[in-house]
Each structure stands twice: as structure tokens, then as C-alpha cells.
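Per chain, numbering begins at 1; letters A, B, ... match sequence-line order. Atoms considered below: every heavy atom in the structure, side chains included; atoms not considered: hydrogens, waters and symmetry mates.
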Number of protein chains: 2
Amino acid sequence: MILKAIVRDYTSSGVPVGSKALAAQLPMHVSSATVRNEMAALEELGLIAKTHSSSGRIPSVKGYRYYVDHLVQPDPIKANDIDIIKSSLEGQFLKIDEIIETSAKILSNLTSYTAFSLKPEHKQSRLSGFRLVPLGKRQVMAVLVTDNGDVESQTFNITPKITGDQLEAVVRLINDQLIGKPLDEVLEALKSDIPMQVANYLQQPEGFLKVFGDVLTQAAQERFYVGGRLNLLSFSDSNDVDELKSLYTLMDHSDDMADVLGKPSDRIQVKIGSEMTNDILKDYSLITATYEAGDHGKGVIALLGPTRMPYSRMIGLVGAFRQELAQRLIDYYRYFDQ
Amino acid sequence: MILKAIVRDYTSSGVPVGSKALAAQLPMHVSSATVRNEMAALEELGLIAKTHSSSGRIPSVKGYRYYVDHLVQPDPIKANDIDIIKSSLEGQFLKIDEIIETSAKILSNLTSYTAFSLKPEHKQSRLSGFRLVPLGKRQVMAVLVTDNGDVESQTFNITPKITGDQLEAVVRLINDQLIGKPLDEVLEALKSDIPMQVANYLQQPEGFLKVFGDVLTQAAQERFYVGGRLNLLSFSDSNDVDELKSLYTLMDHSDDMADVLGKPSDRIQVKIGSEMTNDILKDYSLITATYEAGDHGKGVIALLGPTRMPYSRMIGLVGAFRQELAQRLIDYYRYFDQ
DNA sequence: TTTAGCACTCAAACAGTTCAAGTGCTAAGA
DNA sequence: TCTTAGCACTTGAACTGTTTGAGTGCTAAA
């Protein structure tokens, strides 16, 4: 009970909490001296700590962990928040990516923290189509489609010497040999025998190979969206510019970020400070949740905030949000599947 | 001479400069008292100011202005810097946009400030082609090409009820009526008679109209690239999070940013602090320069740094960079024009 | 016109004081 | 054995006063 009160108090005020204030807050009547004894015990257990020898207590990482695992009760979500979520997800979206991107924005707006969203994916993507669309004398657009419905495209310039027939031959080559293969196998092939074959049709295959490689790696990457990047400036206590820079750089690297998010699980997961592998996140916590989009697979939403965040509210919010999002996606797919 | 010395000193040290230190620095022998008299005169003219009644002097905006207009001598660029520029621009680029984007990065790296780049544009863009590329049962990619070579694309989902014939009819409609028109006229048409005509072919034209509008506005917008966003965190003296947020928000709005950059001119332009229309830029300065890409029009590069920046070095750098970039673009076009 | 000299100002750094909010410990009481 | 009142002690924060150094403006003499 005392640990719970300390976490609640500290996360809302940001000030170390002392025995007297705490005693006044507890539901039963106890003196501050009693609380002090209990606090000494909790400190012995490593659940709370002092900032200096005569200060009040703050939760340790271990303390937060215990709180999150055993004590926290997710706040029931406010009707107002539900309204905001519902109405923001309401619009007519033409692409699933728009919904996912919007999700990160909504979640960051509601919390004033930074939110991440990953779109649902129910299996390893496979190449399902590749095209080169001529756009004019010198421009060509390369378009790659996966069986998960991801589309990546990129335009590039070619010398006018290359004919439409040549391009078609290349496209046929790719489609004949690679369609239906998982993207990582395609990437492998691009490193081994494909270049030689393409060279049969193009004098200078480097340009094409680079673009094909680019769209491939783009498609293979788990694309995630970030909402409320700038909020980091507010909730970070750090005045260290270099630390902020590293954080922003981290958020822009999807690979590193995938590491940070870790394995998704069906329960709402909370990672606290130094529990995260990445050192620069030691003063932050991450709440991760999956959402289920019918039989279209599972996606992930996550929320990054300061270690001292009001977990009960945030967990409640993430929980409610994942449900609304799942519902919205089911509606979305129903419309297009019909 | 004294003003010049004050600006040089202050921009490199960041500390208000006093009469004694200044006297020691001047090429001829004068006492600090003499310098004080001169400083009082300069202050009278509004070229320098004190931070408090017994402090050293710092340049005022008017002082910087005078310095930049009459006193500054651009630093000759270091051989090392030229090497960095040359080698960074050397690679094989498949799109002009990559060169422009890289430019902003190079410039920000060299200076530790934030850089902007705009690609060359020699006239109002006109619509030169529009396509709808079916990508599968439910996905369509809309592609728009302008006569300046800009390409914008976006994928969207449609209900499977829509047939290829319908899409083709819409594409024909657009191409017949709008090709060759300036983009703003096309946007006008999209608001007036186009919707009704499209409705002849599609039951629910909203989706298509939205996507078409989106790619149009994207293409109509002057696309500019930002390099070294994060550097702003280092060179801004401001600890005010809200101010930083506004700055970042400003940089993400191309319209507002176009206002800030202002009319390009062939000379290297410097806008100092409050000379800029936008209030939140009052502690920053902007160096703008155009670069000429042969007969492919003019582009713009710009550098945003603190008002107290070493102008001579920065102006020298921007001047050298614009030349290297122009040269690189001419090479680039020569390759593809042949 | 330049300069030495002087009185004055101010921010910054530092030391000392007070205050409030804590602590741990002890001994008495339930 | 647990709870509590009481007390000595600790600490950061806020504040005051002092000193110092870097600067100023002004005056009068060279």
C-alpha cells in the first residue's frame, strides 16, 4: 500500500514523497513514524530510494516493476478521451497506412508523450509484383508490391538510349524468377545471380539494380510511424543536447527501434528505464501493446514517456486505444473485403 | 574597424567585448579610453549595445547589418571543406532530388547549423501526365508528372467493384481536359467542374478526388529539403521548449518556410534576426543563395544559424558551395540530356 | 585628439544563514 | 511485538551580504 502510494504520488508530483505527507494520505490512521519504519523496510528491499540522506523517497526501477506487475489498476478511460479517439479514427481512410500513422498521432496527443505504431503483418512479406512504369523520355518509376499489400515506389532517371523493350525484358526477368519469394530471398538473389542476368539487357545495370535494391529494402523494413516526436522535448528532463540527439537518431532508425520494442506479446507490456537494452533510454519507460486486426494479423502500438509517468492512466489509455483501433481496422477491412 | 572587431570577437567568443581587450587587438596602438570613446559613438549610432550598464558591447541588428553590407570579407574556403563538398557530391545520383537533399545535409554538416535546399525550377509547373496504375485487386497507384520532371504518386484502395474500364475512363478524362495546364488551374478545375464529370464514371468519386487533390497539392508545393534539423538543438540558446517546438513546426511547413526564405536574388543574402518577418526567428540569421543549374533554372540553398554566427566563414562557405553544386548539376544534366 | 586616472556599476562567484521537509533512533505505551 | 511521540540531525533551497573583476563614463592634462 505504501509503495503504491509512493509511486502514485511521485509520478503525479515529481517530488520525492516524505513520511508525513504519505501518512496523511493513507486510508487508515497511522503516524508518520510508522510510515518511516515501513519505508526503511521497502528501501531495504530495494523498492524505493532516497535522492539524498534526508530526502523523501522515490521508487527505484525495481519498485516501478513491482508496482506495474502487482499493484497498478489501469484507470478507466475518460469518456472524453474515448470520444477523441473515436472521432479521430472516424474519417474515411484510403490506405491502411493512414490509419496507422494517425494512430500514433492520436496517442501522442492524448498523452503528450511520443507514440509509435506498426501496421499489422500476418506473415513474412513475399514479392507479388514488380513494374517499371515509363513516365517520360527519361524517367522511370519502379513499383514493388508485396502480398501483404505494401507498395514501395521510386522514380529514377535513365539515359534515353534505353528502350521500352529493354525495360520490359527486365521486368519479365524479375517477375519470372522472383515472384512469390520472401523478400529476404529476393535480396539474396539480388546479391548473387540477378545482376549478371540483368546485364544481358542493360549496358549499365547499376542504376536499375540500386533502385530495385532500394525499394526492396524499403519494403522489407518494418515501417513504423512516430507521433509526437516534439513532445520528447517537453517530457525529457535532460538538458543534455547530445542525449536528445541520440534519442531522435534512435527513433529514426527502424532497426534499432525494432530492437527497443522487442517481441510483442498479447498483454500490455511495460519496460522501465534500465530494463531496456538501450542505454540512452534509462530515464524513460515504454508501454507496448499489440492490436489484432481480425485475420489480417497483429500490429503494435507503443508509448514512450518518462520513467516517472502515471502508469495507471497510461496503461488504461493504451488498453482502450488498442481496442478502438482493432475495431476500426476490422471495419476498414470489412469495407474492402466485401 | 572597431565595429568589425567587435562583430568578429563576439561571434567567435559569445561574450560581450570590452574596451581593453579590444584595444589590445587592434592593429595600431590606441588606449582603451580611446576605444571607449569610439564605442560610445557607435552606440549613439545604434550599431552596438550593452547588455547592462557596465558591460562590454555586443553588435545590434543594425550593427550586424552594417557589418554584413560593408565590412565583411568572405573567408576563403578551406581546401579540406572543398574536398568534403566535392566528394559528397561525387556519387552517382539517379534523381535530381537526391542531389538537392544531399546538399542540405552537406551544408549542415559543414556548419553545424540547419540548412535548406530547394531544387531548381525554371517556370510554373504544368501537368504533363496522369495515370492510375492498378496494383492488384484493390490497390491503385495514382501517378502525376509535371513538365518540370516532378513526379508525385500515392497508392489508395478501392472497392473491387470498380473496373479497369472505369479507371481508364477517368484517366482519359483528366488527360484530355487538363494536360498542359498550370497546376493551380488544375486545382481550380478540381474544385469546380471536374467532380461532376468524374461522377459519370464512378459511383463514389470522393476517394479518387481526394487522392488526385493530394498528389496535385504535393506537386504544386515547392518541395524543399532540410538538413541538420537536430543541430538546432545545439546552436539555439533558447531553453524554451515551446519556442523550439514552434521552430520545428515552422520548418515542416513549406508554405511558411517559403515566406521566410523570401524572394531569391543572385547575390548572397543575409537576413538578420528581427529583419525576418517571423517573430520566433528573432535570435537567428538566415543566409540565402541561389544556384544556377545551366538552363534548367535556379534553385535556392539557405543556412539558418544563430544571429551571432561567424558571418565571414559562413558566407564564404555558402558561396563556395553554391558554385560546386551548380557545377555538379550541370554535369548531371549533361549526362542525361545527351 | 588622445590618454591617464578615477569613481562608479554590474554580474558572478562565494560564504553564511535560515527554513522547511525530511530522516533515523530511542524509549514509552498498547 | 507493534505503534508512536519526541528529538537530534541532515539536506537542499532560498536568501542575504561580500568580494572581485571586468567593464563603464567623465574629467582634466598632455
Would you mind building the protein contact string for nucleotides 7-30 of chain D? One character per nucleotide, 5' to 3', B for base within reach (heavy atoms under 4.0 Å), S for sugar-phosphate only, - for untouched. ---BBS----------BBB-----

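- Taking atom NE2 of residue B/His29 and atom P of nucleotide C/dT1, one finds them 18 Å apart after rounding to whole Å.
- For the side chain to side chain contact (heavy atoms under 4.5 Å, CB included) with B/Thr307, the lone residue among B/Ile272, B/Thr11, B/Ile58 that qualifies is B/Ile272.
- A/Ser103 and A/Tyr291 share no side-chain donor-acceptor pair at under 3.5 Å.
- No hydrogens or angles considered: a donor-acceptor pair under 3.5 Å links the side chains of A/Ser31 and A/Thr34.
- Classification of A/Asp81 and A/Arg313 as a salt-bridged pair holds, one side-chain N sitting under 4.0 Å from a carboxylate O.
- Side-chain N/O atoms of A/Ser236 and A/Tyr284 include a donor and acceptor closer than 3.5 Å.
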